[in-house]
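Step one of this worksheet: look at the structure below.
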Amino acid sequence: MFEKMCCALLTVCVLGGSGVGARPANAGTLAIPFQLARDTPNNNGKIECGQAIPDPVISLSLSSIYDDEDESHSTIDPQNKARYDKTIGQTRQFSTFVTKNASNYTETDGNRLDAAACTLHTLDAWARANALSDLKSRQTYLSVTRIIAGAALAYVQVKPAAQLMDYDTSAIEAWLNGLAERMIPIYTQSGERPSNRANHRYWGGLAVTAVGVAIGRKDFLDFGFESYKLGVCQVTTDGALPLELARRKKARDYHLHATGPLVMMASLLQVNGFDAFSQCDNGLQRLVHFSLRSINDPSLIETLSAAKQVPLPRDEDGLIRGDRIAWLDAYLAEYPGDRAEYGSLFKEPLFSSNLGGRISIFYNTALRD
């Protein structure tokens with residue numbers, strides 16, 4: 001029974017079934033780089049969600065938050081930002097809800113079955129409503145990548161619970177599949193735009209990769225690997241990304257923002273047979289070192305970007321806000337020797353809804369209850 005529910009600690013089981021849409025013929029089982037809930041039979045027995053789930057968002061229309069006259073896209077227009085935040089607010093609520101509940105399930109190693117139920121019920125409701133099916137602009141697609149990535153990684157976490165509950169996940173898988181399929185041509189059929197090679201592409205690559213792992217689409221990982229290589233193969237000997245340096249006074253912030261999806265893609269790809277971490281002469285490691293060192297010493301990035309950097313958001317203890325480096329535990333799982341240098345930058349557990357929740361408890365099982 002336990003083997004049927006979990007398949008294996010390091011794999012994701014993909015169930016068949018009918019429902020909204022058909023599963024692609026090439027779907028199969030792909031590996032994941034962290035342990036799912038390890039004790040699913042020992043749960044609290046609560047199969048219903050005791051929380052109000054976020055209402056589905058069908059249509060979404062977003063535009064840039066930056067001043068239209070700033071070519072570096074580093075000066076935020078307050079009115080544009082307020083409009084953007086208001087418009088995407090409900091969609092962000094969905095992302096936070098499903099990833100926090102999925103992480104609650106993982107952190108208790110499967111005890112919080114009710115938390116898994118909240119994630120499954122919400123994903124299912126959004127899937128059956130065909131949520132995010134009417135995206136009005138390219139900017140909307142580029143922004144939704146982070147929502148898709150988080151939702152797919154939340155789904156990965158609660159699949160053992162779905163099997164335990166005999167939950168029909170066919171609508172969820174068809175929905176995630178459709179979102180990922182629509183995302184690929186946004187980058188491949190829009191010409192030689194900088195955003196097709198910069199952080200937007202890496203987030204798109206992560207969204208498609210995460211869905212691929214969640215539903216067993218190996219071809220989605222091929223797109224992710226191409227997106228990943230576009231990033232790490234641009235990394236200079238200094239460790240910088242030229243297109244993120246072009247963001248001038250926000251270059252430091254955007255290096256951290258760009259590093260997140262690259263690290264998570266590397267983790268997901270490497271375990272499925274792609275040579276990710278060593279790609280382009282260990283480009284990812286150079287980027288991580290450059291980005292993390294810039295947090296407390298921005299002198300090099302200010303020289304390279306020719307601009308004084310804007311302050312990073314900090315917590316009350318003075319540490320950088322955790323969502324900016326939530327990917328760090330995924331990186332340290334591959335390079336544990338770097339913890340001695342960078343461990344003082346953060347306190348665990350680190351959380352980012354864009355990356356699936358509490359990344360720390362994915363990779364560090366000692367942090368689980």
Side-chain angles (χ1 to χ4, degrees), residues 32-35 95-96 99-100 102-103 106-107 146 149-150 153-154 156-157 199 202-203 205-206 209-210 224 228 231-232 235 238-241 244 250-271 276-279 282-298 300-301 309 311-368:
I32 60 170
F34 52 85
Q35 290 186 319
S95 183
T96 300
T99 55
K100 280 190 173 181
S103 292
T106 300
E107 189 167 11
R146 301 185 287 279
L153 290 170
V156 165
Q157 293 175 72
N199 68 83
Y202 320 149
W203 281 105
L206 175 60
T209 298
Y228 174 79
V232 297
V235 177
D238 289 318
L241 287 165
E244 308 309 329
K250 287 184 71 70
R252 176 173 57 174
D253 210 350
Y254 269 97
H255 270 77
L256 294 169
H257 181 65
T259 301
L262 291 172
V263 168
M264 288 302 295
M265 269 196 290
S267 185
L268 295 169
L269 291 167
Q270 188 82 23
V271 76
F277 284 105
S278 65
Q279 196 67 218
N282 301 303
L284 181 65
Q285 189 174 35
R286 293 198 312 278
L287 172 62
V288 168
H289 288 179
F290 175 80
S291 300
L292 293 179
R293 288 168 181 166
S294 75
I295 291 174
N296 292 326
D297 180 9
L300 179 55
I301 202 167
Q309 297 302 290
L312 293 171
R314 304 268 179 174
D315 290 327
E316 291 182 358
D317 56 12
L319 297 177
I320 184 174
R321 203 172 70 196
D323 62 295
R324 288 298 200 272
I325 54 170
W327 44 266
L328 187 48
D329 268 307
Y331 170 81
L332 292 174
E334 180 68 19
Y335 299 103
D338 281 356
R339 185 174 288 270
E341 181 173 357
Y342 302 116
S344 62
L345 291 173
F346 68 102
K347 292 181 179 178
E348 295 172 310
L350 294 168
F351 174 86
S352 169
S353 61
N354 297 337
L355 300 176
R358 264 172 237 121
I359 310 300
S360 298
I361 57 97
F362 297 179
Y363 293 90
N364 298 335
T365 55
L367 296 174
R368 300 185 187 182

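Hydrogens, waters and symmetry mates play no part in the numbers below; they use all other heavy atoms, side chains included.
- Closest approach of L355 and F362 over heavy atoms only: O-CE1, 4.1 Å.
- Listed for the H255 side chain is a donor-acceptor partner under 3.5 Å among the backbone atoms of A251.
- Scanning for side-chain contact (heavy atoms from CB on, under 4.5 Å) contacts around N354 gives R146, W203, S352, with sequence neighbours left out.
- Below 30°, between 30° and 60°, or above 60°: for Y342 and H289 the angle between ring planes is between 30° and 60°, a tilted geometry.
- Salt-bridge formation is not detected for the pair D238/R293: no Lys NZ or Arg NE/NH1/NH2 atom is positioned less than 4.0 Å from an Asp or Glu carboxylate oxygen.
- When every heavy atom of S267 is checked against every heavy atom of Y363, the shortest pair comes out as OG-OH, 2.7 Å.
- Looking at R368, its side chain does come within 3.5 Å of a backbone N or O of I361 through a donor-acceptor pair.
- Evaluation of the side-chain contact (heavy atoms from CB on, under 4.5 Å) rule for S294 yields R252, I301 as partners, not counting sequence neighbours.
- With hydrogens and angles disregarded, a donor-acceptor distance shorter than 3.5 Å links the side chain of R286 to the backbone of V235.
- Side-chain atoms of E334 never come within 3.5 Å of backbone atoms of A330 as a donor-acceptor pair (strictly under, hydrogens ignored).
- Ionic pairing of R358 and E348 is not present here: no N-O contact between side-chain nitrogen and carboxylate oxygen is shorter than 4.0 angstrom.
- A salt bridge links D317 with K347: the closest approach of a Lys/Arg side-chain nitrogen to an acidic carboxylate oxygen falls below 4.0 angstrom.
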